[in-house]
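When a residue number appears, it is its place in the shown sequence, counting from 1.
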Amino acid sequence: MLLKVLLTKVKVIVFVATHDKRMMDKADVLFKIEDCHIIADKDIDKTEAYELTSRSDNYYKQSIKQYINISKKTIKKALYILMSITLLILLFNFGYSNYYQNYIIDEVINSPLEEIRVYYGSDKKFAINTIEKYLSSDVQSKIRNISGVEDLIPFYELYLMYNNESILIQSYIDLSSHIETTYNNDSGIYVFYSLGSILEDDSTTIDFNGTSYNLTINGILEKGYYNQYSDNGEKIIYISYDKLKEIIDTDMSPYLYIIKFNKDVNLDTFEDDIKNIDSNITIYSSVDISNLSLLNNQLLDGITQITIVLTVCIFILIVYDRSKDITERINEFGLLYANGLSLKDIIGIIIKESHNYVILTVGISLLASVGVVEVLYQLEIIKILELIAIAFGFYILLLAIPTIAGYIILKKNSIINLIRS
């Protein structure tokens, strides 16, 4: 053999890197790479060999980093862009679903125009004159105990005389959005627009059951506001329930109650809860709560289902793309293994190659969704933390995909056997 002849004539050391077993049998000293270390396999002290060939961890890590930077990666950026959009929709949907609960309760149900009334009478808006039965204290107590019911507020409508003319007094919950003129006091007493035009100043006197009462007027309502509870006329003085009990000393029981909710109300079961107390109770609302809840739930479910389908499809595409990329690079990874990298190191390279895209995907989606839902819906901090938790879950999942796919493919192709062959 030519190399043997050369070694007998010239004092040299010949290093040969080979997988040819014939060459390995001829070697005087044999080293092999195993588990990221160069070890002696023939005619040499192993401790000495390890000490002579031990590597620098910093240099090793830097080498892997440089490899990742210069390696030809085939990750499809478009897939991660689609995933970013899908994740944004999912997080936005989460924010909207929480906003919906707050909006329906605060702006629809608990607003003065869109409140829920309970009473014994006909199911129509102006039912005051048809009500002939009180809600007993037992029934009232059971309604107050329904989950989500914050308060059961009695409604009064009284007839009295003002300037020899019959007018109405009504209790109210909130009229702040319908005030046109405000006087410099906080009496909480407001008058209808038509009465405001005949007031001489911010005070007036009314007669009820033969007794005169002096009222200080807080403001005049806007012209377009009308009687929300009865068809008994538009000449009304509005007095809050608490003020009414102070001004007019009466123990009369109201026929109608207005329900005020907190944020724990379940609109889907509320009507059933009332009917279970007494099936004869009328539940009136100027909006159809059941249909409103149903339509919105269908909308949320539709958005959620579409988002889930898109997410699954994109995850499948990412799995396919990463699997195809790893399969095409199996020889490249085999060469890395032959040069001292372990299977763990190669899996780490696959993860790091995907990491930047995953961080970008989740980061953009999270910042955009938190920004949008916070500006539009002003979520509580606990809801923002839930958004972050969902995004973190996607981060873990998107990193797990190439890791699992890479491990399965590399094991299936058996890098060790590939090198040995």
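In this structure, a donor-acceptor pair under 3.5 Å is present between the side chains of E157 and S230. Donor-acceptor pairing under 3.5 Å is recorded for the side chains of D174 and S176.
Shown here for L152 and R144, the closest heavy-atom pair between the two residues is O-NH2, 3.0 Å. Among all heavy-atom pairs drawn from T182 and I179, the shortest one is OG1-CG2, 3.4 Å. Taking every heavy atom of both residues into account, K125 and R117 meet most closely at O-NH1, 3.0 Å. Closest approach of F192 to Y225, counting heavy atoms only: CZ-O, 2.9 Å. For the residue pair K223 and E180, the shortest heavy atom distance occurs at N-OE1, 3.8 Å. Residues T130 and S122 come closest through the heavy atom pair OG1-OG, 3.2 Å.
With a 4.5 Å cut-off on side-chain heavy atoms, Y238 and I189 do not count as touching. Side-chain contact check for I274 versus I259: some heavy-atom pair is nearer than 4.5 Å. In this structure the side chain of I143 never reaches within 4.5 angstrom of the side chain of D273, judged on heavy atoms. Residues I283 and F270 are in side-chain contact: their nearest non-hydrogen atoms beyond the backbone lie under 4.5 Å apart. Looking at heavy atoms from C-beta onward, I236 lies out of side-chain contact with L195 at the 4.5 angstrom threshold.
Under the 3.5 Å distance criterion, the side-chain polar atoms of K275 are matched with a main-chain donor or acceptor of I281. The backbone N or O of L168 sits nowhere less than 3.5 Å from a side-chain atom of Q170 that would complete a donor-acceptor pair. The main-chain N or O of D186 is never found under 3.5 Å from a side-chain atom of Y183 such that the two would form a donor-acceptor pair. Checking side-chain atoms of N185 against main-chain N and O of S187 turns up a donor-acceptor pair under 3.5 Å.
Here the straight-line distance linking atom CD1 of I173 with atom CD of Q228 works out to 11.5 Å at 0.5 Å rounding. T181 OG1 to I220 CD1: the interatomic distance, rounded to the nearest 0.5 Å, is 5.0 Å. Note that the CG atom of D272 and the OG atom of S279 stand 12.0 Å from one another [nearest 0.5 Å]. Put simply, CG on L135 and CD1 on I277 are 9.5 Å apart, with the number rounded to the nearest 0.5 Å.
For P254, the side-chain contact (heavy atoms from CB on, under 4.5 Å) criterion is met by P154, Y156, Y257, not counting sequence neighbours. Residues meeting the side-chain contact (heavy atoms from CB on, under 4.5 Å) test with N129, sequence neighbours left out: Y159, D231, N232. With sequence neighbours excluded, the residues forming a salt bridge (Lys or Arg N to Asp or Glu O under 4.0 Å) with D138 are K142, listed by chain and number. For Y134, the ring-ring contact (aromatic ring centres under 6.0 Å, His included) criterion is met by Y255, not counting sequence neighbours. Looking at residues two or more places apart in sequence or on another chain, you find a side-chain contact (heavy atoms from CB on, under 4.5 Å) between D123 and T282, Y284. Annotation: side-chain contact (heavy atoms from CB on, under 4.5 Å) contacts of N280 (sequence neighbours excluded): Y120, D278.
Between V191 and the choices L221, I239, I217, N218, the side chain to side chain contact (heavy atoms under 4.5 Å, CB included) rule is met once, by I217.
A distance of 6.0 Å or more separates the ring centres of F155 and Y172.
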